[in-house]
Amino acid sequence: MKGSWLKELSQSVLFRDYTIAELMDLLSQVNYAERFYGKEEVIALEDAPCTQVGIILEGAVEVQKLHGAGSGVTIQCLTPHQIFGEVIIFSQRKTYPATLVANSATVILFISKESILQLCREEERFLENFMALLSNKILMLNQKVKRLAYPSIRQKIADWLLEHYRLSGENTINIPFTKKAWSEQLAIPRPSLSRELGKMQEDGLIYLNGSSITICDQQALERLL
């Protein structure tokens, strides 16, 4: 495994606080596979069996809910060191609830369910990290429900920006997906998102620069909520 991918792996919640040497030793004991995907290549179809946990090492993955006519919406975008499948493999359903598509050249590390169980039994540190991962997923879902409940577009944008600011600690946030995908996540029309972002910049709340947004007045954004 490439050194840069090991670094991404060490930044994931599952392997937090592991050194690169420890990671290499850990991986030598379990069943894993690195897989490469081209842009727009399907990683998993909705209702397909899920038997592995995926960790993104490079690129990005869109989680899409497809409709019968072939159209669909992006409900989430996953970026390097983020994880998917950890809830599904231990659920009664055990199938993907949405379709996963690479939105750029992407590398994913897959770890089997059996290996996850092995690591939980043998590595207390890994077990704690896995429990933290599941807890964070619950909190994230609660946050999404709260965001969708906000009545105004500005509040939804502010909540999204503040959540990512708290996660990264950086005022400048790089948007890892298209504005269309972002608008679908927020459940608002794309033109309305663009229009409101422009107004927020005029009001001195944010600064737009290509695919990045800088928070200029954090306290004002927090007062919106």
Side-chain angles (χ1 to χ4, degrees), residues 1-38 41 43-44 48-63 75-91 93-98 100-144 163-170 172-177 185:
M1 177 179 287
K2 287 170 54 177
S4 60
W5 293 345
L6 283 169
K7 182 178 179 182
E8 292 294 345
L9 197 61
S10 70
Q11 293 176 17
S12 71
V13 175
L14 270 183
F15 297 104
R16 181 178 52 200
D17 299 329
Y18 281 90
T19 66
I20 299 299
E22 287 174 329
L23 270 178
M24 293 176 66
D25 180 61
L26 209 63
L27 290 175
S28 69
Q29 305 173 40
V30 299
N31 179 23
Y32 76 93
E34 300 165 49
R35 295 182 187 164
F36 302 77
Y37 298 89
E41 186 174 352
I43 297 164
C50 177
T51 60
Q52 304 171 100
V53 170
I55 307 173
I56 300 171
L57 303 176
E58 188 175 285
V61 174
E62 289 189 3
V63 183
I75 56 178
Q76 190 178 5
C77 186
L78 305 174
T79 51
H81 65 73
Q82 289 190 293
I83 300 165
F84 61 87
E86 74 284 0
V87 175
I88 305 170
I89 61 171
F90 293 107
S91 70
R93 176 174 176 172
K94 294 184 176 61
T95 59
Y96 286 100
L100 305 182
V101 180
N103 77 349
S104 63
T106 298
V107 183
I108 300 174
L109 177 78
F110 287 98
I111 303 178
S112 68
K113 177 182 177 179
E114 292 73 22
S115 291
I116 293 292
L117 289 171
Q118 175 189 336
L119 291 173
C120 285
R121 285 193 299 265
E122 299 175 359
E123 286 276 333
E124 182 177 348
R125 191 174 11 162
F126 182 89
L127 176 60
E128 290 179 357
N129 289 347
F130 192 76
M131 292 299 101
L133 175 63
L134 296 179
S135 298
N136 289 343
K137 182 61 68 74
I138 293 171
L139 292 173
M140 182 186 69
L141 291 174
N142 288 338
Q143 181 69 25
K144 284 188 175 181
E163 178 188 355
H164 285 73
Y165 164 73
R166 295 184 189 108
L167 288 172
S168 67
E170 300 289 339
T172 298
I173 300 161
N174 294 313
I175 310 301
F177 35 74
Q185 288 186 44

Legend entry - Interatomic spacing from CD1 in Ile89 to SG in Cys50 - rounded to 0.5 Å: 6.5 Å
Inset, instruction - Looking only at non-hydrogen atoms, find the nearest pair between Ile43 and Ala102 and report the distance. - result: CD1-N, 3.8 Å
Legend entry - Distance in Å, Ile20 CD1 paired with Leu9 CG, rounded so as to fall on 0.5 Å steps: 8.0 Å
Legend entry - Distance in Å, Leu14 CG paired with Leu119 CG, rounded so as to fall on 0.5 Å steps: 9.0 Å
Legend entry - Worked verdict on Arg125 versus Glu22 for side chain to side chain contact (heavy atoms under 4.5 Å, CB included): CA-CA 12 Å; Arg125 191 174 11 162; Glu22 287 174 329; 3.4 Å; yes
Inset, instruction - Kindly indicate, with the supporting measurements, whether the criterion side chain to side chain contact (heavy atoms under 4.5 Å, CB included) is fulfilled by Leu26 and Tyr32. - result: CA-CA 11 Å; Leu26 209 63; Tyr32 76 93; over 6 Å; no
Inset, instruction - Of all the heavy-atom pairs spanning Glu8 and Pro80, show the shortest one and how long it is. - result: OE1-CB, 3.5 Å
Inset, instruction - Look only at the side chain of Asn129 and the backbone of Arg16, and say whether a donor-acceptor pair between them is shorter than 3.5 Å. - result: yes
Inset, instruction - Return the set of residues passing side chain to side chain donor-acceptor pair (under 3.5 Å) with Tyr165 (not counting sequence neighbours), or none when no residue passes. - result: Gln218
Legend entry - Ile108 side chain reached by Val61 side chain, heavy atoms, under 4.5 Å: yes
Inset, instruction - Determine the interplanar angle of the Tyr96 and Phe84 rings, folded into 0 to 90°, and report it as parallel if under 30°, tilted if 30 to 60°, perpendicular if over 60°. - result: tilted
Legend entry - salt bridge (Lys or Arg N to Asp or Glu O under 4.0 Å) against Arg93, all qualifying residues, sequence neighbours excluded: Asp47
Inset, instruction - Might you work through the side chain to side chain contact (heavy atoms under 4.5 Å, CB included) test for Phe130 and Ile116, ending with a clear yes or no? - result: CA-CA 9 Å; Phe130 192 76; Ile116 293 292; 3.9 Å; yes
Inset, instruction - Please tell me if the side chains of Thr95 and Ile88 come closer than 4.5 Å, counting only heavy atoms from C-beta onward. - result: no
Inset, instruction - Could you check if a side-chain atom of Val63 sits within less than 4.5 angstrom of a side-chain atom of Leu100, using non-hydrogen atoms only? - result: yes
Inset, instruction - Using the six-membered ring wherever Trp is involved, compare the ring planes of Tyr18 and Phe15 and label them parallel, tilted or perpendicular (cut-offs 30° and 60°). - result: perpendicular
Legend entry - Cationic N near anionic O, under 4.0 Å, Arg35 to Glu41: no
Inset, instruction - Give, for atom CG of Leu133 and atom CZ of Phe126, the distance between the pair rounded to the nearest 0.5 Å. - result: 8.5 Å
Inset, instruction - Kindly write out the residues that satisfy side chain to side chain contact (heavy atoms under 4.5 Å, CB included) with Thr51, not counting sequence neighbours, or none if the list is empty. - result: none
Inset, instruction - Compare all side-chain heavy atoms of Thr79 with those of Ile56 and state whether any distance is below 4.5 angstrom. - result: no
Legend entry - Closest approach of Phe110 to Gly54 (non-hydrogen atoms, all atoms of both residues): CD2-CA, 3.9 Å
Inset, instruction - Let me see the working for Asn31 and Glu114 under side chain to side chain contact (heavy atoms under 4.5 Å, CB included), right down to the final yes or no. - result: CA-CA 8 Å; Asn31 179 23; Glu114 292 73 22; 5.8 Å; no
Legend entry - Side chain Ser104, main chain Gly59, donor-acceptor under 3.5 Å: no
Legend entry - Any Lys113 side-chain heavy atom under 4.5 Å of Lys94 side chain: yes
Legend entry - Closest heavy-atom pair and its distance - Ile75, Ala98: CD1-CB, 4.3 Å
Inset, instruction - Nearest 0.5 Å please: distance from the CD1 atom of Ile173 over to the NE2 atom of His164. - result: 7.0 Å
Legend entry - Met131, CE: over 12 other non-hydrogen atoms inside 6.0 angstrom: yes
Legend entry - Gln76 to Leu78 - nearest heavy-atom pair and separation: NE2-CD2, 3.3 Å
Inset, instruction - Nearest 0.5 Å please: distance from the CD atom of Glu124 over to the CD atom of Glu128. - result: 5.0 Å
